[in-house]
J.: 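Please find one structure pasted underneath; my questions will follow.
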Amino acid sequence: MRLILMGAPGAGKGTQAARLVEKLGIPHLSTGDMLRAEVASGSEIGRKARELMDHGKLVPDGVLVAMIAKRIGESDCSKGFILDGFPRTVAQADGLGAMLAEKGLALDGVFLLDVDEEALLARVQGRADQERAAGRSARADDTPEKLKTRLGVFQQQTQPLIAYYEKKGLLKRVDGMQPIDKVTELLENALKPKAA
Ligand code: AMP
């Protein structure tokens with residue numbers, strides 16, 4: 001099963017993806033996590049991405065499309081994957097569509113976690129506080145100012161993907177304002193094939 005989890009920063013994509021991994025037995029591909037690993041390893045990609053990420057801006061499409069093309073070609077993705085944080089632009093969505101078509105594959109669904117802006121701010125703040133309380137440093141982009149930039153980027157560059165996937169009949173909206181367990185239940189229900 002090949003799925004995309006879409007939503008603004010703080011919508012709960014990572015949390016829900018981790019739960020779906022257990023249920024579906026397919027890997028969770030978070031481009032944010034992949035890029036943070038590149039930064040931590042000091043690779044060339046990481047060095048180029050760091051500044052953009054710290055400022056809440058997008059890393060160039062070509063870097064992301066190449067990264068995902070390589071990752072989905074690995075053996076653990078043969079039964080499918082859950083994409084979290086990718087695609088974030090129409091160019092990335094086109095790139096994904098082309099790489100899947102080349103393999104004779106298609107997406108099974110795109111889930112949009114709908115959460116209002118005020119709740120996003122509170123969640124991102126909560127995530128940063130939790131990291132600090134655990135003695136770890138919070139993400140440089142989990143501050144109210146950076147979140148504002150990230151939300152602006154989401155609205156301008158990622159929201160067009162809602163209509164993009166709606167047109168393809170793949171988009172399913174899920175109420176991300178519900179408690180975590182309820183959102184998981186809504187996602188699981190949305191995954192079930194509809195009775196004929
Ligand atoms: P995330 O953990 O998904 O919030 O991503 C953190 C940061 O990584 C983003 O603000 C971007 O700077 C970068 N990033 C992650 N995924 C992508 C993507 N698909 N396209 C461009 N930049 C990305």
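Atoms within a ligand are numbered from 1 in the order they appear, just like the ligands themselves. The analysis underlying the following values was restricted to heavy atoms, covering all of them including side chains, and did not include hydrogens, waters or symmetry mates.
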J.: List the residues meeting side-chain hydrogen bond (donor to acceptor under 3.5 Å, both in side chains) with Glu51, not counting sequence neighbours, and say none if there are none.
T.: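 Per chain and number, Glu51 pairs via side-chain hydrogen bond (donor to acceptor under 3.5 Å, both in side chains) with no residue.
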J.: With side chain to side chain donor-acceptor pair (under 3.5 Å) as the test, would you mind laying out the steps for Thr184 and Arg19 before giving the verdict?
T.: CA-CA 7 Å; Thr184 309; Arg19 289 168 165 228; 3.0 Å; yes
J.: Please examine the side chains of Leu112 and Tyr165, heavy atoms only from C-beta on, and report whether any two atoms are closer than 4.5 Å.
T.: no
J.: If you measure only the distance, is there a donor-acceptor pair under 3.5 Å linking the side chains of Ser43 and Glu38?
T.: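 Yes, because at least one side-chain N or O of Ser43 sits under 3.5 Å from a partner of the opposite role on Glu38.
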J.: Would you tabulate the side-chain donor-acceptor contacts of residues 78-86 under 3.5 Å, counting partners in other chains and residues two or more places apart, or write 'none'?
T.:
residue, atom, partner, partner atom, Å
Ser78, OG, Ser75, O, 3.1
Asp84, OD2, His28, NE2, 2.8

J.: In chain order, what residues pass the side-chain contact (heavy atoms from CB on, under 4.5 Å) check against Gln125, with sequence neighbours excluded?
T.: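 In terms of side-chain contact (heavy atoms from CB on, under 4.5 Å), with neighbours along the sequence ignored, Gln125 is linked to Asp129, Pro144.
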J.: In order of chain and number, which residues sit within 4.0 Å of ligand 1 by heavy atom?
T.: Thr31, Gly32, Leu35, Arg36, Met53, Lys57, Leu58, Val59, Leu64, Gly85, Phe86, Arg88, Gln92, Arg139, Asp141, Arg150
